[in-house]
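This chain uses plain numbering: 1 for the first residue, then up along the sequence. Source: prediction; values computed, not measured.
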Amino acid sequence: MEKTILIIERNTETVFFYRKLLPAHGYAIEHVSSDSQLLKYDFHIPDLFIINSRFLTLNECEICQHLKNGPLTKDVPVIIISGTHNMEAMARQCGATALVEKPFTSANLLAVIKRCLGETGG
């Protein structure tokens, strides 16, 4: 069964990258691009969240905390992707399952996704 990854991102070029990469590796993609959509839980509950962008009113950790406080999303793994160096402690503190620092390779990202979803290589 195909796993669904919800991408939290404002930049359309970045979303295009995920829409090209992840389905080629067997993942279905959904996308949230606004604070209001996220705060209202106006999306289907995925198997994994990738937070790749801060929004106008929320940063990556606030988004993660919002998801981890939601009754339907609290157990869904969250990957934060950030260009801010030394963010490991903050990512752990806000409940992220993993942190991927920019720049990253597709192979590195896929390995982290597989680990967070409990998938084995194969």
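Under the side chain to side chain donor-acceptor pair (under 3.5 Å) criterion, D35 pairs with T57, not counting sequence neighbours. For S34, the side-chain contact (heavy atoms from CB on, under 4.5 Å) test picks out S36, Q37, with sequence neighbours left out.
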| task | Begin with the C-alpha distance, continue with both residues' side-chain angles, and end with the deciding distance and a verdict on side-chain contact (heavy atoms from CB on, under 4.5 Å) for Y18 and N52. | result | CA-CA 10 Å; Y18 289 117; N52 194 88; 2.8 Å; yes
| field | side-chain hydrogen bond (donor to acceptor under 3.5 Å, both in side chains) between D47 and Y27, intermediate numbers included | value | CA-CA 10 Å; D47 297 292; Y27 300 107; over 6 Å; no
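Listed for the K68 side chain is a donor-acceptor partner under 3.5 Å among the backbone atoms of K74. At distances below 3.5 Å, not a single donor-acceptor pair connects side-chain atoms of T84 with backbone N or O atoms of M87. T97 places no side-chain N or O within 3.5 Å of a backbone atom of C116 that could act as its donor or acceptor partner. N69 contributes a side-chain N or O that, together with a main-chain N or O of Q65, makes up a donor-acceptor pair within less than 3.5 Å. Although no hydrogens or angles enter the test, the distance criterion places no donor-acceptor pair under 3.5 Å between the side chain of H31 and the main chain of V15.
In this structure the side chain of L58 reaches within 4.5 angstrom of the side chain of L39, judged on heavy atoms. Side-chain contact check for E30 versus I7: every heavy-atom pair is 4.5 Å or farther apart. Counting only heavy atoms from C-beta outward, the side chains of V78 and I50 never approach each other to under 4.5 Å. A 4.5 Å side-chain heavy-atom check between K114 and H25 finds every atom pair outside the cut-off. Taking 4.5 Å as the limit, every side-chain heavy atom of I80 sits out of range of all side-chain heavy atoms of V100. Counting only heavy atoms from C-beta outward, the side chains of N11 and F17 never approach each other to under 4.5 Å. E119 is listed as a side-chain neighbour of K3, based on a closest heavy-atom distance under 4.5 Å. In this structure, I79 and L99 have side chains that are not in contact, with every pair of non-hydrogen atoms separated by 4.5 Å or more.
Separating the CZ atom in R115 from the CG atom in L110 is a distance of 13.0 Å, to the nearest 0.5 Å. Between atom OG of residue S53 and atom CD1 of residue I63 there is a gap of 6.5 Å, rounded to the nearest 0.5 Å. To the nearest 0.5 Å, the span separating OG1 on T4 from CZ on F43 amounts to 12.5 Å. Put simply, CD on E9 and CD1 on I81 are 9.0 Å apart, with the number rounded to the nearest 0.5 Å. With values rounded to the nearest 0.5 angstrom, Y41 atom OH is found 6.0 Å from L67 atom CG. Rounding to the nearest 0.5 angstrom, the gap separating the CE atom in M90 from the SG atom in C64 is 12.0 Å.
I8 and I5 sit in two unconnected hydrophobic clusters of ILVMFWY residues. Membership requires side-chain heavy atoms under 4.5 Å apart, directly or through other members. Tracing side-chain contacts under 4.5 Å through hydrophobic residues (I, L, V, M, F, W, Y), one reaches L38 starting from I45; they form part of the same cluster. By the criterion of side-chain heavy atoms lying less than 4.5 angstrom apart, applied directly or through intervening Ile, Leu, Val, Met, Phe, Trp or Tyr residues, F49 is not grouped with F104; the two fall into different hydrophobic clusters. Hydrophobic clustering (ILVMFWY, side-chain heavy atoms < 4.5 Å, transitive): L117 and L72 are in distinct clusters.
When every heavy atom of S82 is checked against every heavy atom of E60, the shortest pair comes out as OG-OE2, 4.3 Å. Here the shortest heavy-atom pairing between C94 and C61 reads SG-SG, 3.0 Å.
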